[in-house]
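As structure tokens, the structure follows; a few thoughts come after it.
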Amino acid sequence: MKEELYRTVVQQVKAVTEGETDIIANMANITAILYDAFGFWWVGFYRVQDDDLVLGPFQGPVACTRIRKGKGVCGTSWERKLTVIVPDVNKFPGHIACSAVSKSEIVVPVLRNGEVIAVLDIDSKDFNTFDETDKVYLERISSLLAMADAFS
Ligand code: SME
């Protein structure tokens, strides 16, 4: 069920990113596609700008603007260059609560030439929302974004 939805979502992401090199435009459409398909609480990108992650295109309520390397779930994913799944945000030391509604979270790095250029952050109103399936497909989406950007 979730996998089927992700397959459709990946096709949509391919369709909108193919031939478009503007990373902001692509990020904006990717957040809209994921938000619409799954009804997540918050879907957005943070872009690496010097020592900070800076808020980029997103869908959902107002969020924190800047996150330092190594801070929160987003900063941890950036530092480790790895996807981080948090089943219960209350149990993640240093979790940055942009919204009290968020209960679980996944953060996927966007890598270009081995460097993190951004992270994709998704928050859910429920605990234990994200698993290996989300990781696999969101990493694929992250690669599609990085590939489109590589042509710019
Ligand atoms: N919870 C994130 C901060 C970003 S918001 O969830 C949109 C974190 O701990 O990095």
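Every heavy atom of this structure was used, including side-chain atoms; hydrogens, water molecules and symmetry mates were not. Just so you know, ligand 1 is whichever comes first in the structure, and atom 1 is the first atom listed for that ligand.
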Subject >> Whether Y137 and Y6 hold their rings parallel, tilted or perpendicular, with breakpoints at 30° and 60° >> reply: parallel
Original post:
Is the shortest distance from a heavy atom of Y46 to ligand 1 less than 4.0 Å?
Top reply: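 In this structure, Y46 qualifies as a contact of ligand 1 - some heavy atom is under 4.0 Å.
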Suppose I only count heavy atoms of [X] and a 4.0 Å limit; which atoms of ligand 1 are within that range?
| X | value |
| --- | --- |
| E105 | 1 (N), 2 (C), 6 (O), 8 (C) |
| W42 | 7 (C) |
| H95 | 1 (N), 9 (O) |

With the threshold set at 4.0 Å, does a side-chain nitrogen-carboxylate oxygen contact exist between [X] and [Y]?
| X | Y | answer |
| --- | --- | --- |
| D52 | K69 | no |
| D126 | K103 | no |
| R112 | D149 | yes |
| K81 | E115 | yes |

Quick one: nearest non-hydrogen protein atom to [atom], plus distance?
| atom | result |
| --- | --- |
| atom 4 (C) of ligand 1 | D121 OD2, 3.3 Å |
| atom 6 (O) of ligand 1 | D123 OD2, 2.8 Å |
| atom 5 (S) of ligand 1 | C98 SG, 3.1 Å |
| atom 3 (C) of ligand 1 | I96 O, 3.5 Å |

**OP:** Would you check whether A97 has a nitrogen or oxygen atom less than 3.5 angstrom from a nitrogen or oxygen atom of ligand 1?
**Re:** no
Subject >> Pair F40 + F130: ring centers closer than 6.0 Å >> reply: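 Yes, close enough.
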Subject >> Heavy-atom nearest option to atom 10 (O) of ligand 1, drawn from C74, G75, S102 >> reply: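 When every heavy atom of C74, G75, S102 is considered, C74 comes closest to atom 10 (O) of ligand 1.
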Original post:
More than 12 foreign heavy atoms under 6.0 Å from NZ of K125: is that the case here?
Top reply: no
